[in-house]
A.B. asks: 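So that we are looking at the same thing, I have put the structure below in structure tokens.
Because the structure is a prediction, the values reported are computed rather than measured.
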Amino acid sequence: SWLVPGQLLYIATDEMNRTWFEPLTKHYQARFLDDYTELVGLSDLDPNYVGMIDQVVASRSKVFVGTYFSSFSAFIGRMRAYHGLSGKKMYYSHPDYW
């Protein structure tokens, strides 16, 4: 299986309500960009950069799950290809494209 209970799961999202992710946080070590604010000094970060940083982080993941028809997810897929990562490790939220 490509997703094992207890595994670290980085979530790139603009959803502000973290309770929305509780079904995932019950089974995985969910992390968000703002979890690293102090560690890497993001407190003064221009909010316009948040999505770009999320894309860079997600582009280097072992496995990527994105949203079908999302330009955000599509760009992550393109960046993964630039890094030489397999498209076979990419999944989309639409079951017809798994």
Side-chain angles (χ1 to χ4, degrees):
S1 176
W2 56 271
L3 194 55
V4 180
Q7 187 173 6
L8 179 64
L9 181 66
Y10 182 81
I11 301 175
T13 183
D14 57 357
E15 175 60 59
M16 300 302 288
N17 182 359
R18 294 293 185 246
T19 61
W20 194 88
F21 298 99
E22 283 181 359
L24 293 172
T25 61
K26 289 179 182 178
H27 303 284
Y28 307 102
Q29 296 180 52
R31 298 292 183 270
F32 302 87
L33 183 61
D34 60 6
D35 291 330
Y36 301 98
T37 298
E38 288 185 33
L39 181 66
V40 296
L42 299 176
S43 58
D44 294 326
L45 180 69
D46 181 332
N48 292 310
Y49 296 151
V50 171
M52 290 182 269
I53 293 171
D54 269 341
Q55 285 179 314
V56 170
V57 172
S59 74
R60 300 300 285 177
S61 63
K62 291 179 184 176
V63 176
F64 174 71
V65 179
T67 302
Y68 189 70
F69 271 121
S70 162
S71 58
F72 183 84
S73 294
F75 188 67
I76 292 169
R78 191 169 358 177
M79 288 173 56
R80 290 174 57 78
Y82 297 153
H83 295 306
L85 298 170
S86 173
K88 293 180 180 181
K89 297 282 184 170
M90 290 181 56
Y91 302 89
Y92 290 95
S93 59
H94 195 289
D96 291 344
Y97 300 96
W98 291 355

A.B. asks: What heavy-atom pair brings A30 and I11 nearest, and what distance separates the two atoms?
C.D. replies: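 Scanning both residues completely, I find the closest heavy atoms to be CB-CD1, 4.0 Å.
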A.B. asks: Do Y49 and Y10 share a hydrophobic cluster (ILVMFWY, side-chain heavy atoms under 4.5 Å, transitive)?
C.D. replies: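 Y49 clusters together with Y10.
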A.B. asks: Within a strict 4.5 Å, meaning less than it, do heavy atoms of the F32 and D54 side chains meet?
C.D. replies: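 F32 does not reach D54 side chain to side chain.
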A.B. asks: What's the shortest heavy-atom distance between I76 and A58, and which atoms?
C.D. replies: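 Heavy atoms of I76 and A58 come nearest at CD1-CB, 3.7 Å.
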A.B. asks: I want to check something: taking the side chain as every heavy atom from C-beta on, are T13 and R18 in contact at a cut-off of under 4.5 Å?
C.D. replies: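 Sidechains of R18 and T13: in contact.
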A.B. asks: According to a hydrophobic-cluster definition based on side-chain heavy atoms being under 4.5 Å apart (Ile, Leu, Val, Met, Phe, Trp, Tyr only), do V50 and M52 belong together?
C.D. replies: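 Hydrophobic grouping puts V50 with M52.
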A.B. asks: Find out if a path of hydrophobic residues (ILVMFWY) with successive side-chain heavy-atom gaps under 4.5 Å connects L33 to V40.
C.D. replies: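 Yes, L33 and V40 fall within the same hydrophobic cluster.
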A.B. asks: Exactly one of N17, T19, L24 should register a side chain to side chain contact (heavy atoms under 4.5 Å, CB included) with F21. Which one does?
C.D. replies: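 Per the side chain to side chain contact (heavy atoms under 4.5 Å, CB included) rule, the option paired with F21 is L24, out of N17, T19, L24.
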A.B. asks: Does any part of the side chain of F64, heavy atoms only, come nearer than 4.5 Å to the side chain of S73, both counted from C-beta?
C.D. replies: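 They are in contact (side-chain heavy atoms under 4.5 Å apart), so the answer is yes.
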A.B. asks: If you compare all heavy atoms of S43 against all heavy atoms of T37, which two are closest, and at what distance to 0.1 Å?
C.D. replies: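 So the minimum-distance heavy-atom pair works out to N-CG2, 3.6 Å.
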A.B. asks: Report yes or no: do V56 and Y36 belong to one cluster of Ile/Leu/Val/Met/Phe/Trp/Tyr joined by side chain heavy-atom distances under 4.5 Å?
C.D. replies: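 No; Y36 is not reachable from V56 via cluster members.
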A.B. asks: Can you tell me how far CG of L42 sits from CD1 of I53, rounded to the nearest 0.5 angstrom?
C.D. replies: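 It is 6.0 Å, given to the nearest 0.5 Å.
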A.B. asks: Of the non-hydrogen atoms in R80 and S61, which two are nearest, and what is the gap between them?
C.D. replies: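 Taking R80 first and S61 second, the nearest heavy atoms are NH1-O, 2.5 Å.
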A.B. asks: Okay, side chain of Q29, backbone of G6: is any donor-acceptor separation there less than 3.5 Å?
C.D. replies: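 Yes; judged by distance alone, with no hydrogens or angles, the pair exists.
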A.B. asks: Is the shortest heavy-atom distance from the side chain of D14 to the side chain of F72 under 4.5 Å?
C.D. replies: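 No - every pair of side-chain heavy atoms lies 4.5 Å or more apart.
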A.B. asks: Same cluster or not: are F75 and F69 linked, directly or through other Ile, Leu, Val, Met, Phe, Trp or Tyr residues, by side-chain heavy atoms under 4.5 angstrom apart?
C.D. replies: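 No, it is not one cluster - the side chains of F75 and F69 are not joined through contacts under 4.5 Å.
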A.B. asks: Evaluate the side-chain proximity of V65 to L3: yes if any heavy-atom separation is below 4.5 Å, no if none is.
C.D. replies: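 No - every pair of side-chain heavy atoms lies 4.5 Å or more apart.
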A.B. asks: With a cut-off of 6.0 Å (strictly less than), are more than 12 heavy atoms of other residues, nucleotides or ligands near CD of E38?
C.D. replies: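 Incorrect, the count does not exceed 12.
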A.B. asks: Output the distance between atom CG (L85) and atom CE (M79), rounded to the nearest 0.5 Å.
C.D. replies: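 Interatomic distance, L85 CG to M79 CE, rounded to 0.5 Å: 10.5 Å.
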